[in-house]
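Working notes, beginning with the structure itself.
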Amino acid sequence: MSVLKKLAGETALYGISTIVGRSLNFLLVGIHTKVFLPEELSVNTELYGWLSIAAVLYTYGMETTFFRFASKENKMEYYNLILSALILTSIILSIILISFSTPIMNMLGYPDQEIFMTWLVMALAIDSVMAIPFARLRLEKKPLQFVKARMINIFINIFFNVFFLIFCKDIYEGKYLTFLKPLISHIYFPEIGAGYIILANLIANIFLIPLLWKLFSDFHFRFDFTVFKKLWEYGYPIMIMGLASTINGRTDILLLKHILPDNFYPNRTAEQALGIYGNCYKLSIFMLVAINAFKFAAEPFFFSKAEDRNSPKIFSNVMKWFIIVCVFLWLLVSLNLDFLDAFLLNKDIYSEGIGVVPVLLLANLFLGIYYNLSVWFKTTDRTYFGTLITFLGAGLTIILNLLLIPVLGYMGCAYTFNIMFRYDGSMLFTWPEICTNAL
């Protein structure tokens, strides 16, 4: 039990930044839905959907790879090599995406808004590089430093959301402090609109660089192809698995606008439906908070205990308590939807989609179970099993979205999300190897 208490304590520490951050970001949903109409937020919803896929390509499994190799030996050698590789690839990928931002945004149906993609790509590049310093803090059991950096990042993001979308907007529109309007006119441009949400994200990520600068002070740029080949062989199945898993979770966002029948929702366009679903989707963050906090603490924990002869029993106890906590959370939120609805300030529009929240919460619960069970192939260097499992789930996701969205609208997205993670989880139980190692 002492081991479980230690894991629970670290989860609680990581949970502070996650819970506070998600809770404050949850309040931003109210600001965003009050300031913007659903069709104005659709571009953000769709771009962040693609961003989650790009994020997997940017890190290509190196975060988990770092835990796998650095937890045993030569921590700084692997830290230097993996961080060097991510810096190089992030720069190359960013240059490519920014160079093609205009045709990409035109293809997505958002002409003359390529600056949004440029900001998002820059934010993603910084986030991807910083993943390894954050992973190092987790490996070195320094949750307080981790939490501090995350919390400051979150508050900066929120500050600039409020600054641009309320303070600058109100002054520009002459609501108060009109003497500041000439100055504000140089930094606030109404045509950017919801793009300021992305800009705030970028500014907050830029501040991560000085916040984690000490973790770069002992960094030495190096690249050894022979060693990196070994890391790549371990990491690329995780990248493919993450890519397929992200597609699983984001296919609904990417397909909804394009395959929803005309006039499916009375007096609502497909862009409005996407905006409504995307913002109601954010209300399922409560389960994600628990899962992310657990994942931050559990990933290095699982690798450190992988060779312990009592690991099957330890992991099964972790799974049991994880499910108990998450089921309680699912019931608590699902039974208080009216309270959640109060935070959707533009209720006459966005409350239409509140019914997706319990379904999405349950789907994320199954996702958390999957994270627990996936430890067996990560700690035994058989990550290709995860690739197979996730690709089968991805195929199911695409098929179900294509079938259910034209019939059920965004509820079809939510049901697909739920079914997909039930499917991935149930498949894991079909291998005796998994039952032995994880249960």
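Please read these numbers as outputs of a predicted model, since none were measured by experiment. Each residue takes its place number in the sequence, starting with 1.
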Is the shortest heavy-atom distance from the side chain of [X] to the side chain of [Y] under 4.5 Å?
{"X": "I152", "Y": "F155", "answer": "no"}
{"X": "L208", "Y": "F134", "answer": "yes"}
{"X": "L108", "Y": "L47", "answer": "yes"}
{"X": "K75", "Y": "E140", "answer": "yes"}
{"X": "L120", "Y": "Y48", "answer": "yes"}
{"X": "L165", "Y": "I197", "answer": "yes"}
{"X": "I96", "Y": "I92", "answer": "yes"}
{"X": "W232", "Y": "M239", "answer": "yes"}

Please find the pair of heavy atoms, one from [X] and one from [Y], that lie closest to each other, and give the distance.
{"X": "L256", "Y": "G409", "result": "CD1-C, 4.4 Å"}
{"X": "A70", "Y": "L139", "result": "CB-CD2, 3.7 Å"}
{"X": "Y277", "Y": "A414", "result": "OH-N, 4.0 Å"}
{"X": "P133", "Y": "L83", "result": "CD-CD1, 4.2 Å"}
{"X": "L260", "Y": "A270", "result": "CD2-CA, 4.2 Å"}
{"X": "S90", "Y": "L86", "result": "OG-O, 2.7 Å"}

Out of curiosity, [X] [atom1] to [Y] [atom2], how far, rounded to the nearest 0.5 Å?
{"X": "F207", "Y": "I209", "atom1": "CZ", "atom2": "CD1", "result": "10.5 Å"}
{"X": "I206", "Y": "N201", "atom1": "CD1", "atom2": "CG", "result": "10.0 Å"}
{"X": "I98", "Y": "I115", "atom1": "CD1", "atom2": "CD1", "result": "9.0 Å"}
{"X": "R138", "Y": "I132", "atom1": "CZ", "atom2": "CD1", "result": "9.5 Å"}
{"X": "M117", "Y": "Y110", "atom1": "CE", "atom2": "OH", "result": "13.5 Å"}
{"X": "L231", "Y": "E233", "atom1": "CG", "atom2": "CD", "result": "9.5 Å"}

Are M62 and T65 close enough, and set up right, to give a side chain to side chain contact (heavy atoms under 4.5 Å, CB included), and what steps lead you there? CA-CA 5 Å; M62 286 298 110; T65 302; 3.8 Å; yes
Give me the ring orientation class for [X] and [Y]: parallel if the planes are under 30° apart, tilted from 30 to 60°, perpendicular past 60°.
{"X": "F69", "Y": "Y234", "value": "perpendicular"}
{"X": "Y265", "Y": "Y410", "value": "parallel"}
{"X": "Y60", "Y": "F228", "value": "perpendicular"}

Out of I259, L400, T416, which residue meets the side chain to side chain contact (heavy atoms under 4.5 Å, CB included) rule with I405?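 Only one of I259, L400, T416 forms a side chain to side chain contact (heavy atoms under 4.5 Å, CB included) with I405, namely I259.
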Is there a donor-acceptor pair closer than 3.5 Å between any side-chain N or O of [X] and the backbone N or O of [Y]?
{"X": "N157", "Y": "N153", "result": "no"}
{"X": "Q272", "Y": "T269", "result": "yes"}
{"X": "Y58", "Y": "I126", "result": "no"}
{"X": "S101", "Y": "L97", "result": "no"}

Check the pair L199, I192 against side chain to side chain contact (heavy atoms under 4.5 Å, CB included), reporting the backbone distance first and the verdict last. CA-CA 10 Å; L199 181 59; I192 292 178; 6.0 Å; no
Enclosure of W119 CH2 (heavy-atom neighbours >12, cutoff 6.0 Å):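 Enclosed: over 12 neighbouring heavy atoms sit under 6.0 Å from CH2 of W119.
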Would you find more than 12 non-hydrogen atoms of other residues, nucleotides or ligands less than 6.0 Å from F223 atom CZ? yes
Test side chain to side chain contact (heavy atoms under 4.5 Å, CB included) on M411 and V359 and set out the steps. CA-CA 9 Å; M411 284 304 300; V359 182; 4.2 Å; yes
